[in-house]
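Structure first, then comments.
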Amino acid sequence: MAKFRRRTCIILALFILFIFSLMMGLKMLRPNTATFGAPFGLDLLPELHQRTIHLGKNSDFQKSDRINSETNTKNLKSVEITMKPSKASELNLEELPPLNYYLHIFYYSWYGNPQFDGKYIHWNHPVLEHWDPRIAKNYPQGRHNPPDDIGSSFYPELGIYSSRDPSVIETHMRQIRSASIGVLALSWYPPNVNDENGEPTDDLVPTILDKAHKYNLKVTFHIEPYSDRDDQNVYKNVKYIIDKYGNHPAFYRYKTRTGNALPMFYIYDSYITKPEKWANLLTTSGSQSIRNSPYDGLFIALLVEEKHKHDILQSGFDGIYTYFATNGFTYGSSHQNWANLKLFCDKYNLIFIPSVGPGYIDTSIRPWNTQNTRNRINGKYYEIALNAALQARPSLISITSFNEWHEGTQIEKAVPKRTSNTVYLDYRPHKPGQRRR
């Protein structure tokens, strides 16, 4: 009897351990059903809580003749997300699957090294402090120290490269082409403007366009926030982009239902600017309306919180995207909300562009943010995200990202690397060209 009880206790303990492990695995895979009160992780975006929303009654929703609301799911379903290992030699484009221009991938050109830039840029990203001093004191501070210590949990196959290196740009375009992804959404700041950890990069656009065109890729622009970004300056930005780059064969245009081919602009952190300001630019009755002018386009707002839907309508945007690769981080990035967001977009004739990603880990620059880490689970996380997006039947799908190394969302090739202080993650057991782990 004693032996029986002991065996029963052991079996029960093993069963409890199995259930605990299973629950932890499910949390990493699909956290959006957890109950965390306010949208999980929204404290990473504290500026959202500092804004008061003012909804007007005279929003301009009359865009029915502008946007192609027909879905392109049949084109999206044919895509192969896992990149094939690219060879150093030239690709034989005729042997590759056709490009899918309904897939967009976010691309960053802000990296630098001493050879091309005289210093490391972004690879030496600072460790960001938590806004609560009581939490911040528990974590390290300072900057990363390349080449062995970089601001990423993965290590690039190309090493600590510069975005100014033409051979790097060429390799990136070749990798994107081998994945059959048709459009890269280029992170963009106006001339002589840069993010707080980088340098101006607008002068790289001509080379990126030329290299993209070599592989029949298209380039659209992901306009980043900067200190004085408002309706007036965005008008200047759009005019500059179209005037300078609009005639390049790699410049992306989206064909609307009426047959018009319009440029597309993703507006990151669009919620920072009040809807009344955007309406000046994006509605036909706005004080400096861009509509029906040579600089008209399709302007895609970032939706973070559910209440942003109403702001986006009032602002006059043409569509929404969700950007974040962390399922459950925000309302917009939670897979379970995409079907409702698509219904909302259909109702108001907006383009819905869900953003999928292979995983998320930013603890190299935000060591206190482990709650938002999403394990790649050998590609399963990526597959679930893509399937959720396809089920919503969007017109386009965006991928976060090709090379946002700081947040671990990249699908650029990574390799195993170990130093005395760090063991970098990698994609094993798959090859560097298969972004599954």
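These numbers come from the heavy atoms of this one structure, side chains and all, not from hydrogens, waters or symmetry mates.
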Between Y120 and N145, is there a side-chain donor-acceptor contact under 3.5 Å, judged purely by atom types and distance? no
Answer with yes or no after comparing the ring centroid distance for Y161 and W123 against a 6.0 Å cut-off, counting only values under it. yes
Could you verify whether a donor N or O on one side chain and an acceptor N or O on the other, from D210 and H248, lie under 3.5 Å apart? yes
Side-chain donor-acceptor contact under 3.5 Å, Y360 with N327: no
When you measure from the side chain of R177 to the backbone N and O of G182, does any donor-acceptor pair fall under 3.5 Å? no
Suppose we screen for ring-ring contact (aromatic ring centres under 6.0 Å, His included). Which residues come up paired with Y107, at least two apart in sequence or across chains? H172, F402
side-chain hydrogen bond (donor to acceptor under 3.5 Å, both in side chains) against K417, all qualifying residues, sequence neighbours excluded: D148
Under 3.5 Å donor-acceptor, N113 side chain and F116 backbone: yes
Do F299 and F265 have ring centres separated by under 6.0 Å? yes
By ring-ring contact (aromatic ring centres under 6.0 Å, His included) - contacts of H144 (at least two apart): none
K277: partners by salt bridge (Lys or Arg N to Asp or Glu O under 4.0 Å), with sequence neighbours left out: none
For the student: nearest non-hydrogen atoms of A250 and A212, plus distance: CB-CB, 4.4 Å
Does a side chain donor of either W405 or E412 reach within less than 3.5 Å of an acceptor in the other side chain? yes
If a pair satisfies salt bridge (charged side-chain N to carboxylate O under 4.0 Å, His left out) and one of its residues is in residues 99-127, list it, with sequence neighbours excluded. D117-R164, K119-E199
Does the side chain of H122 pick up a donor-acceptor pair with the side chain of D195 at under 3.5 Å? yes
Quick one: closest heavy-atom pair of S109 and L186, and the distance? OG-CD1, 3.9 Å
Residues which pass ring-ring contact (aromatic ring centres under 6.0 Å, His included) with Y252, listed by chain and number, not counting sequence neighbours: H104
With sequence neighbours left out, what residues match D230 under salt bridge (Lys or Arg N to Asp or Glu O under 4.0 Å)? none
Would you check if there is a donor-acceptor pair between the side chains of N337 and N340 at a distance under 3.5 Å? no
Aromatic ring pairing F352/W338, orientation class (parallel under 30°, perpendicular over 60°, tilted between): perpendicular
Could I get the full list of side-chain contact (heavy atoms from CB on, under 4.5 Å) partners for Q141, not counting sequence neighbours? E129
Not counting sequence neighbours, which residues clear ring-ring contact (aromatic ring centres under 6.0 Å, His included) with Y101? List them please. none
Where the side chain of T419 meets the backbone of T422, is there a donor-acceptor pair that is under 3.5 Å apart? yes
Donor-acceptor pair between Y226 and D228 side chains, under 3.5 angstrom: no
Rounded to the nearest 0.5 Å, how far does OG of S398 lie from OH of Y321? 8.5 Å
Which residues share a salt bridge (Lys or Arg N to Asp or Glu O under 4.0 Å) with E306, sequence neighbours left out: K309
Give a yes or no answer on whether the side chain of T220 reaches the backbone of A185 with a donor-acceptor pair at less than 3.5 Å. no
Can you tell which of F106, Y111, W110 makes a ring pair (Phe, Tyr, Trp, His ring centres under 6.0 Å) with Y108? W110
Would you say the ring centroid of Y424 lies under 6.0 angstrom from that of F154? no
Can you check whether G246's main-chain N or O pairs, donor with acceptor, with R253's side chain at less than 3.5 Å? yes
From CA spacing to verdict: salt bridge (Lys or Arg N to Asp or Glu O under 4.0 Å), E224, R229: CA-CA 9 Å; E224 300 280 1; R229 190 185 72 178; over 6 Å; no
So does T256 get a backbone contact from the side chain of N260, meaning a donor-acceptor N/O pair under 3.5 Å? no
Does anything in residues 104-116 form a salt bridge (charged side-chain N to carboxylate O under 4.0 Å, His left out)? List the pairs, not counting sequence neighbours. none
Partners meeting salt bridge (Lys or Arg N to Asp or Glu O under 4.0 Å) with K236 (sequence neighbours left out): none
